[in-house]
Amino acid sequence: MRRFVPSLAALTAFEAAASYRNFTRAAEDLGVTQGAVSRQVAALEQQLGAKLFRRVGPQLFLTEAGRSYATAITPILHALEETSIDIVRGRGLGNTLQIGVQDSLGSQWLVHRLPSFTRFAPEIAYTVRPVSAAPNFVEDGVDVAILRGTGSWAEAHSFRLFPETVAVVASPAMIPVGAPLNPDEYHRFPLIQNAHRPDSWLRWLEAKGLERKHPISGPRFAQTSMVISAAVAGIGLAIAPLIMIEDELATGRLHTALGPPVPSGFSYYIVYPLSKGDTRHTLALRDWLLAETRALRTDAISAPE
């Protein structure tokens, strides 16, 4: 059966034009003429029976249909490109371990340790992508995930890697190292907010046995990695997981300004769905992660109450 699918040339021309809102720049990006882009877009509009762009003077705007179509086809083109590149590299997507990582754990912790995994299992190709705290393994296209939580995910195996501890950190430019501050003096400084973890400050206060007597206010950032960068820049105090600020603490760019770390109440787990079973690649990652984090679990067990 013949599919009702526009040509790839028309789709890539439209995507580039939609991205740049300019046929000339789209042509430069694709290495073709402006006329070629214009003809491909016109042919696509004729096939779809809808206008995808409208002109207002010299400016080019997407119509409602154009915006909807661009949103729909862009990830499809990305997936097609990724699959094609994998074939060129001799790796099918089915042979690549798809690893999901929650929050900023990927950039701040996992990436620095992946060379060890490559030495452990050099035959395994992998892709790392962000996922939510409760991923849909099928829709998200991941085989296994490293998640922060309490250990309960429906229809999934989960193995605890290590507990999370957090601390209030500051740049030495904001608070000199060794300054005699008590935890209840937190309100004297801007308090950086983590939109991804909106209850961070309340949990820290509870862990320290402090009552909230002052407003918790300060600039808000969307990701933990941005919160950490903001603290390094001296914007305010931040609550950060210790495992994500190892380099910053070691180099002195941050220090624990208001006392020792406290448990966050969460741990990190490796999680994979029951439906996918125990594949060789997944088990290799699980075994490596459990070995890699053994010391973190041991430290947590031996830590005083």
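- A distance of 11.5 Å separates CZ in Phe23 from CG in Leu30, rounded to the nearest 0.5 Å.
- The CD atom of Gln193 sits 7.0 Å away from the OG atom of Ser217 when rounded to the nearest 0.5 Å.
- In this structure, CD1 in Ile245 is found 11.0 Å from OG1 in Thr224, a value given to the nearest 0.5 Å.
- Between Pro183 and Leu210, some side-chain heavy-atom pair lies under the 4.5 Å cut-off.
- Evaluation of the side chain to side chain donor-acceptor pair (under 3.5 Å) test over residues 258-270, restricted to residues two or more places apart or in two chains, returns Arg160-Ser267, Glu164-Ser264, Glu164-Tyr268, Arg197-Tyr268.
- In the model, Thr63 has no side-chain atom that pairs as donor or acceptor with a side-chain atom of Arg67 under 3.5 Å.
- Taking CD of Gln40 as the reference point, atom CG of Leu11 lies at 9.5 Å (rounded to 0.5 Å).
- Residues Phe14 and Leu80 fall within the same hydrophobic cluster, defined by Ile, Leu, Val, Met, Phe, Trp and Tyr side chains chained together at heavy-atom separations under 4.5 Å.
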Derivation and outcome, side-chain contact (heavy atoms from CB on, under 4.5 Å), residues Gln223 and Ser107: CA-CA 11 Å; Gln223 296 177 337; Ser107 60; over 6 Å; no
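- Proximity of Leu114 to Tyr126: side-chain heavy atoms (C-beta onward) are separated by under 4.5 Å at one or more points.
- Ile216 and Ile235 fall into different hydrophobic clusters, where Ile, Leu, Val, Met, Phe, Trp and Tyr are joined by side-chain heavy atoms under 4.5 Å apart, directly or via other members.
- Closest non-hydrogen pair, Glu15 versus Thr74, comes out as OE2-CG2, 3.4 Å.
- With no hydrogens or angles considered, a side-chain donor-acceptor pair links Thr282 and Thr279 at under 3.5 Å.
- Cation-pi geometry between Arg54 and Phe61 is met: under 6.0 angstrom from the ring centre, within 45 degrees of the axis.
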Ile228 and Leu254: CA distance, side-chain angles, deciding distance, side-chain contact (heavy atoms from CB on, under 4.5 Å) verdict: CA-CA 9 Å; Ile228 294 168; Leu254 290 175; 4.2 Å; yes
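- Judged by the 6.0 Å distance and 45° axis criteria, Arg25 is not positioned over the aromatic ring of Tyr20.
- Here the side chain of Asn22 pairs a donor or acceptor atom with the backbone of Thr24 at under 3.5 angstrom.
- A distance-only check finds no donor-acceptor pair linking the side chain of Arg148 to the backbone of Phe266 [under 3.5 Å].
- Shown here for Val271 and Ala156, the closest heavy-atom pair between the two residues is CG1-CB, 3.7 Å.
- With contacts defined as side-chain heavy-atom distances shorter than 4.5 Å, the pair Arg286/His281 does not qualify.
- Using cut-offs of 30° and 60° for the angle between ring planes, the Trp288 and Phe117 rings count as tilted.
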Could you list the donor-acceptor pairs under 3.5 angstrom formed between side-chain atoms of residues 246-253 and any protein atom two or more places apart in sequence or on another chain?
| from | atom 1 | to | atom 2 | distance (Å) |
| --- | --- | --- | --- | --- |
| Glu246 | OE1 | Arg113 | NH2 | 2.9 |
| Glu246 | OE2 | Arg113 | NH2 | 3.4 |
| Thr251 | OG1 | Asp247 | O | 2.8 |
| Thr251 | OG1 | Glu248 | O | 3.4 |
| Thr251 | OG1 | Arg253 | NE | 3.1 |

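- Although no hydrogens or angles enter the test, the distance criterion places no donor-acceptor pair under 3.5 Å between the side chain of Thr293 and the main chain of Leu296.
- Under the 4.5 Å side-chain heavy-atom criterion for Ile, Leu, Val, Met, Phe, Trp and Tyr, Leu191 and Val232 are members of distinct hydrophobic clusters.
- At a threshold of 4.5 Å between non-hydrogen side-chain atoms, the residues Ile243 and Phe162 count as touching.
- Of the possible donor and acceptor atoms, none in the side chain of Ser68 sits under 3.5 Å from a partner among the backbone N and O of Ala65.
- The shortest non-hydrogen separation linking Ala26 to Ala17 is CB-N, 3.6 Å.
- Taking the side chain as every heavy atom from C-beta outward, Arg129 and Asp140 never approach each other to under 4.5 Å.
- With contacts defined as side-chain heavy-atom distances shorter than 4.5 Å, the pair Ile124/Leu285 does not qualify.
- With hydrogens and angles ignored, the 3.5 Å screen pairs no side-chain donor or acceptor of Asp143 with any backbone N or O of Leu97.
- Residue Glu206 qualifies as open at atom CD: its count of foreign heavy atoms under 6.0 Å is 12 or below.
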Residues Leu237, Ile192; criterion side-chain contact (heavy atoms from CB on, under 4.5 Å); working and verdict: CA-CA 6 Å; Leu237 300 184; Ile192 298 171; over 6 Å; no
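- In this structure, Ile76 is not a member of the same hydrophobic cluster as Val41, with clusters built from ILVMFWY side-chain heavy atoms closer than 4.5 Å.
- With Asn182 contributing its side chain and Asp184 its backbone, the two residues share no donor-acceptor pair below 3.5 Å.
- Residues Leu44 and Tyr69 are in side-chain contact: their nearest non-hydrogen atoms beyond the backbone lie under 4.5 Å apart.
- Each of Val142 and Trp109 belongs to its own hydrophobic cluster when Ile, Leu, Val, Met, Phe, Trp and Tyr are linked at side-chain heavy-atom distances under 4.5 angstrom.
- When every heavy atom of Ser158 is checked against every heavy atom of Trp153, the shortest pair comes out as CB-CE3, 3.9 Å.
- Under a 3.5 Å cut-off, the side chain of Ser104 and the backbone N or O of Ser225 do form a donor-acceptor pair.
- No side-chain donor-acceptor contact under 3.5 Å links Gln59 and Arg21.
- Between Trp204 and Tyr186, the ring planes lie perpendicular to each other; the angle is over 60°, past the 30° to 60° tilted range.
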Val262 vs Thr165, side-chain contact (heavy atoms from CB on, under 4.5 Å): CA-CA, chis, key distance, verdict: CA-CA 5 Å; Val262 296; Thr165 54; over 6 Å; no
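- Under the 3.5 Å distance criterion, the side-chain polar atoms of Glu139 are left unmatched by any main-chain donor or acceptor of Asn136.
- Ile270 contributes atom CD1, which lies 8.5 Å from atom CZ of Phe159 (distance to the nearest 0.5 angstrom).
- Residue His187 holds its NE2 atom at 13.5 Å from CZ of Arg212, rounded to the nearest 0.5 Å.
- Taking both residues in full, the closest heavy atoms of Pro180 and Glu185 are given as O-OE2, 4.0 Å, listed atom of the first, atom of the second, then distance.
- Glu292 places a side-chain heavy atom less than 4.5 Å from the side chain of Ser116.
- Closest approach of His255 to Ile175, counting heavy atoms only: NE2-O, 2.7 Å.
- Heavy-atom contacts from other residues, nucleotides or ligands closer than 6.0 Å to CD of Glu64 number 12 or fewer.
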